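Shown next, in structure tokens, is the structure this report addresses.
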Amino acid sequence: MSGKVITVLSTKGGVGKSTLTRFLSIVANEQNKKVCIIDTCQNSSIATGFLKDRDSFNKTAYDWLTGDAKPSEVIQRYKDTNIYYIPSDERIDDFEDWVSKKVPKLRQLEVIKVKVKPLLAMFDYVIIDTHPNENSDIVNYSIAASDFCLIPSEVDLDSKLAAIRCVEIIDDYKSAGYSVDYGIAFNKVEFTKGKASAQMRTMKDEMIQKGVGADKFLGDIRYSTTVSTSKNEGLLLSELENKYTKNIMEDFRIVANNAFKRMESEVTA
Ligand SMILES: Nc1ncnc2c1ncn2[C@@H]1O[C@H](COP(=O)(O)OP(=O)(O)O)[C@@H](O)[C@H]1O
Ligand SMILES: [Mg+2]
């Protein structure tokens with residue numbers, strides 16, 4: 001097995017990074033793929049989203065990344081699924097400092113890549129949930145470790161600019177020789193009569209004019225209150241698939257499958 005690394009990325013908060021991370025793992029699990037989520041967010045939303053008290057973890061991503069814990073000491077399993085995760089805590093904010101003091105300059109950008117490598121023999125997908133800060137080095141370490149970046153965007157001007165900024169950042173990595181692809185998913189989209197808003201279509205057109213390939217749009221995820229409800233209950237949406245969740249589960253499946261497909265085609269390209 002040689003797994004792929006996906007970073008879920010945006011320079012803006014609240015657009016759905018953690019949500020998308022979670023549903024990517026749910027869709028992969030449905031397909032019997034084994035996933036490990038790495039939470040690099042100080043408020044540990046993955047662990048909270050999967051109904052665990054973050055205070056109950058002795059060791060977290062920080063300990064693993066700084067060499068104080070083996071993967072087996074930090075990797076948690078969600079129920080009896082194929083979904084595993086490495087929880088985070090506030091100390092993750094000190095990681096960049098640790099890197100600048102302890103890691104030779106030349107190796108700094110690939111600190112996460114090096115740590116993730118052994119995991120690729122165990123998992124089909126390693127998914128990194130990032131926190132929104134363009135200048136955060138952790139985001140850069142994550143991109144440098146990734147085969148694919150998934151960029152969620154809401155349908156508003158700020159989110160659009162953030163998505164375009166992410167594309168520029170990824171393009172820089174490509175120019176520097178990294179083979180990292182990306183895809184964009186609009187999230188919290190209002191659908192009327194099965195059609196997404198005209199505003200979203202305009203935004204896509206504007207992004208295409210900025211040089212984003214039309215094939216980079218992986219799918220649109222509707223706004224649905226079931227997302228936050230399921231989070232609070234700590235359930236997999238697929239466990240409560242009903243007429244309310246059916247449509248949004250399909251949206252997530254389309255986005256996830258398009259992302260997975262793009263990663264496969266990279267191998268053959
Ligand atoms: N498609 C959606 N429909 C409704 N609520 C959503 C949707 N996607 C995300 N949310 C909600 O929006 C908030 C921010 O999402 P989150 O994934 O935490 O964003 P980020 O990780 O980018 O900060 C959360 O409360 C989440 O439940
Ligand atoms: Mg988040």
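Just so you know, ligand 1 is whichever comes first in the structure, and atom 1 is the first atom listed for that ligand. All values derive from a computational prediction rather than experimental measurement.
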For ligand 1, is any non-hydrogen atom under 4.0 Å from I248's backbone (N, CA, C, O), its side chain (CB onward), both, or neither? side chain
NZ or CZ of K204 within 45° of F186 ring axis and under 6.0 Å: no
Check for me whether R222 has a heavy atom closer than 4.0 Å to any atom of ligand 1. yes
Would you say S18 has any N or O atom under 3.5 Å from an N or O of ligand 1, going by distance alone? yes
Side chain proximity check, Y223 to V189, heavy atoms < 4.5 angstrom: no
Would you check if the distance from the ring center of Y84 to the ring center of F123 is below 6.0 Å? yes
Would you mind telling me if ligand 1 is within reach of the side chain of N187, the backbone, both or neither, using heavy atoms under 4.0 Å? side chain
Side-chain atoms of residues 99-113: list all donor-acceptor pairs with protein atoms under 3.5 Å, sequence neighbours left out, distances to 0.1 Å.
from, atom 1, to, atom 2, distance (Å)
S100, OG, D97, O, 2.9
Q108, NE2, V103, O, 2.9
E110, OE2, Y178, OH, 2.8

Check each heavy atom of S224 against ligand 1 and say whether those closer than 4.0 Å belong to the side chain, the backbone, both or neither. backbone
Atom indices of ligand 1 within 4.0 angstrom of K17 heavy atoms, with elements: 17 (O), 19 (O), 20 (P), 21 (O), 22 (O), 23 (O)
Counting only N and O atoms by type, is there a donor-acceptor contact under 3.5 Å from the side chain of T81 to the main-chain atoms of R77? no
Partner residues of K33 under the side-chain contact (heavy atoms from CB on, under 4.5 Å) criterion, sequence neighbours left out: A28, Q31, D124, Y125
Around the Mg ion (ligand 2), number of protein N/O/S atoms which are nearer than 2.8 Å: 1
Walk me through whether R165 and E168 qualify under salt bridge (charged side-chain N to carboxylate O under 4.0 Å, His left out). CA-CA 5 Å; R165 183 67 198 121; E168 287 169 357; 2.9 Å; yes
With sequence neighbours left out, what residues match K246 under side-chain contact (heavy atoms from CB on, under 4.5 Å)? E241
Salt bridge present between D129 and R22 (N-O < 4.0 angstrom): no
Say whether I221, considering both its backbone and side-chain N or O atoms, lies within less than 3.5 Å of an N or O atom on ligand 1. no
Answer yes if the side chains of S88 and Q42 hold a donor-acceptor pair under 3.5 Å, and no otherwise. no
Does V15, backbone or side chain, put an N or O under 3.5 Å from an N or O of ligand 1? yes
